[in-house]
Amino acid sequence: MTREDVCTVSDQYLAAALAKDRVPREWPILILHDGQPLSVARVPQLITRFGAVDVNATEPLVAMLLLAKSSYLVGNPASTFSINMADIRRASGASEASTTLRSGSYWDA
């Protein structure tokens, strides 16, 4: 798995993350992204391949609430927003296994 796989949430990365942590297949996959071109380009592919739903949360507070309360977070370790959300989830009692972003395992910038 490469850094590009993780940052673009490649099909292989997402499938591996969901399988590794035994995420139930019936759970919906919601897409929250920052609107950057690479992120936007991946949305149709994730919808087609995984049946994901693009939330289009333009309000950061809405995105934060969805991520904080979601059952599982596939985060991007290159995103400070993802890292902060993983930390907020842990501080709120979410288990370490409820995200791909393990405490202290973030990539060096």
Side-chain angles (χ1 to χ4, degrees):
M1 202 71 49
T2 68
R3 289 181 182 212
E4 184 176 330
D5 287 326
V6 175
C7 290
T8 62
V9 188
S10 72
D11 289 356
Q12 298 84 352
Y13 170 68
L14 183 56
L18 298 175
K20 177 183 165 288
D21 289 318
R22 296 188 177 98
V23 174
R25 290 182 185 263
E26 65 271 8
W27 284 4
I29 297 174
L30 304 179
I31 303 170
L32 294 151
H33 59 81
D34 57 8
Q36 291 187 26
L38 284 176
S39 299
V40 172
R42 281 291 292 145
V43 171
Q45 298 161 1
L46 292 169
I47 290 170
T48 300
R49 173 74 165 82
F50 295 94
V53 176
D54 188 4
V55 176
N56 292 317
T58 56
E59 175 60 45
L61 183 56
V62 172
M64 289 176 66
L65 289 170
L66 284 169
L67 293 171
K69 295 298 182 180
S70 65
S71 298
Y72 189 76
L73 169 66
V74 177
N76 181 339
S79 163
T80 54
F81 187 74
S82 287
I83 291 168
N84 289 337
M85 288 310 306
D87 290 341
I88 289 168
R89 291 167 57 83
R90 273 190 282 283
S92 301
S95 75
E96 187 73 18
S98 73
T99 180
T100 56
L101 300 175
R102 305 298 190 240
S103 182
S105 67
Y106 311 126
W107 293 354
D108 294 333

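Note that this is a predicted model, so its numbers are computed, not measured.
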Nearest 0.5 Å please: distance from the [atom1] atom of [X] over to the [atom2] atom of [Y].
X: M85; Y: L65; atom1: CE; atom2: CG; answer: 7.5 Å
X: S71; Y: L30; atom1: OG; atom2: CG; answer: 10.0 Å
X: L18; Y: W27; atom1: CG; atom2: CH2; answer: 10.0 Å
X: L14; Y: R42; atom1: CG; atom2: CZ; answer: 8.0 Å
X: L66; Y: L32; atom1: CG; atom2: CG; answer: 5.5 Å

I want to check something: taking the side chain as every heavy atom from C-beta on, are P28 and V53 in contact at a cut-off of under 4.5 Å? no
Sub-3.5 Å donor-acceptor pair from the side chain of [X] to the main-chain atoms of [Y], do we have one?
X: S82; Y: G75; result: no
X: R49; Y: D11; result: no
X: D87; Y: N84; result: no

Minimum heavy-atom distance [X]-[Y], with the two atoms named:
X: A17; Y: T100; answer: CB-CG2, 3.6 Å
X: R90; Y: L101; answer: NH1-O, 3.0 Å
X: A15; Y: F50; answer: N-CZ, 4.1 Å
X: I31; Y: H33; answer: CG2-CD2, 3.8 Å
X: R89; Y: L67; answer: NH1-O, 2.7 Å
X: Y13; Y: V74; answer: CE2-CG1, 3.7 Å

Can you hop from [X] to [Y] via hydrophobic side chains spaced under 4.5 Å?
X: L38; Y: L46; value: no
X: I47; Y: V9; value: yes
X: V62; Y: I88; value: yes

